[in-house]
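Structure first, then comments.
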Amino acid sequence: MTQRLTIRRPDDWHLHLRDGAMLAAVAPESARHFARAIIMPNLVPPVVTGAQAAAYRDRILSALPDGADFTPLMTLYLTEETDADDLAAAHASGLITAVKLYPAGATTNSASGVTDFDKVRPVLERMAEIGCPLCVHGEVTDPAVDIFDREAVFIDRVLDPIRSKTPGLRVVMEHITTKQGADYARSGGPDLGATITTHHLVINRNHILVGGIKPHYYCLPVAKREEHRKALVAAATSGDASFFLGTDSAPHTDPAKLQPCGCAGCFTAPNTLSILAEVFDREGALDQLEAFASLNGPAFYRLPANEARLTLTKGDPVQYPPQLETDDGPVTLFDPGYALHWAIQD
Ligand code: DOR
Ligand code: ZN
């Protein structure tokens, strides 16, 4: 008997759409299944002003297929020079939904990020006042801190102090990868949420390193030990409103990934929902998929859940093309390493 699951149309609360030829190729992939997405601003140069966000939104809308039902929710890239008035105006007009904090040097195109967190304090206070959420890439960049500890150390050294000094600031811990991240998010009350990616529900660090290095599993924050992956699966499948889907689908061309110093990022937009259904099914938690993918995110962002529905059906393994061709070069899809039985009805 075919098993079916109908859920409200999901949203992606953390997405990289890039620009130019890559944008043209990947935007339709997200628009096919997702109604809205929080669009990351780490372009080169980054999206730091309201005017840049408006222009980028227009480029995204032009890249969508005719009739697509997809709303890009724009963000600004926080720098030490961010103009709080420009930010507040962009938020008040509905142009931006959130602001993204990258510690300088933490990840792809983060060079313009924040080094001295005290310098952005006035902007964060303004955001708390106007109710604009801060999306945080939560890793310290201190070279003395081991890369596998950078998220846990960030919580103690940076995130917790920011939150206690800025009451009312609404914060999303982006792409958490540790038990410490999940525990902190769970205990943070209604002003704190956390996104979890598809790939961090599937891989641990062995997948990257055992039996040869796997560049397509390299992303930031890097996947941790199995006990952390299990903590993320427990959080995502629990139904707890603190946790929602942010795929962090981050396309790079194969030539950019397959380098002596390859780029970080997993491209999951096309097969995310099949993978999530498989993960939730294995946990006996299909009844929580809608909360994670379609309900908890809008509730945090104080937006209505989508009215449209999406149906998944379970059957023979579903094949996805291993690569997406773009005019910049091929982009390899994230391979969960197991068969996917849930197909998405378009
Ligand atoms: O793996 C990642 N890729 N992590 C990030 O934080 C950035 C992203 C990208 O933009 O490629
Ligand atoms: Zn990201």
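One-based numbering, in listed order, for ligands and for the atoms of each.
- Protein heavy atom closest to atom 7 (C) of ligand 1, with residue, atom name and distance, is T107 OG1, 3.3 Å.
- For the residue pair Y301/D11, the side-chain donor-acceptor check at 3.5 Å is not satisfied.
- Contact annotation: K257 has no heavy atom less than 4.0 Å from any atom of ligand 1.
- Of all the atoms in ligand 1, the ones that sit under 4.0 Å from a non-hydrogen atom of C219 are 1 (O).
- Heavy-atom distances between H252 and ligand 1 reach below 4.0 Å in at least one pair.
- Here the heavy atom of the protein found nearest to atom 3 (N) of ligand 1 is A264 O, 2.9 Å.
- Enclosure of atom CG in D146 by more than 12 non-hydrogen atoms of other residues, nucleotides or ligands within 6.0 angstrom is indicated.
- The shortest N or O to N or O distance between R18 and ligand 1 is under 3.5 Å.
- Backbone and side-chain nitrogen or oxygen atoms of A250 are examined, and none is located within less than 3.5 angstrom of a nitrogen or oxygen of ligand 1.
- K119 has a carboxylate O that lies under 4.0 Å from a charged side-chain N of E80, or vice versa, which qualifies the two as a salt bridge.
- Between E227 and K179 no salt bridge is recorded (no basic side-chain N to carboxylate O distance below 4.0 Å).
- A cation-pi arrangement is present between R170 and F300, with the terminal nitrogen or guanidinium carbon under 6.0 Å from the aromatic centre and inside a 45° cone about the axis.
- For G265, a nitrogen or oxygen atom sits less than 3.5 Å from a nitrogen or oxygen atom of ligand 1, counting backbone and side chain alike.
- We find that R36 and D12 are not joined by a salt bridge, their nearest charged nitrogen and carboxylate oxygen being 4.0 Å or further apart.
- Around the CZ atom of R59, the shell of radius 6.0 Å holds more than 12 heavy atoms that belong to other residues, nucleotides or ligands.
- At a threshold of 4.0 Å, the pair D142-R150 does not count as salt-bridged, since none of the basic side-chain nitrogens sits closer than that to a carboxylate oxygen.
- A salt bridge links D183 to R186: at least one charged side-chain nitrogen sits closer than 4.0 Å to a carboxylate oxygen.
- The atoms of ligand 1 that sit less than 4.0 Å from any heavy atom of H137 are 6 (O).
- Side-chain atoms of T198 and T247 include no donor-acceptor pair closer than 3.5 Å.
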For residues 229-243, which side-chain donor-acceptor pairs fall under 3.5 Å, sequence neighbours excluded?
unit_1 : atom_1 : unit_2 : atom_2 : d
R229   : NE     : E226   : OE1    : 2.9
R229   : NE     : E226   : OE2    : 3.4
R229   : NH1    : L201   : O      : 2.9
R229   : NH2    : E226   : OE2    : 2.8
T237   : OG1    : V233   : O      : 2.7
S238   : OG     : A235   : O      : 2.7
S238   : OG     : D240   : N      : 3.0
D240   : OD1    : S242   : N      : 2.8
D240   : OD1    : S242   : OG     : 2.8

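- The residue among L220, N42, D248, L43 with a heavy atom at the shortest distance from atom 1 (O) of ligand 1 is L220.
- Under 2.8 Å from the Zn ion (ligand 2), one finds the following protein N/O/S atoms: H14 NE2, H16 NE2, D248 OD1.
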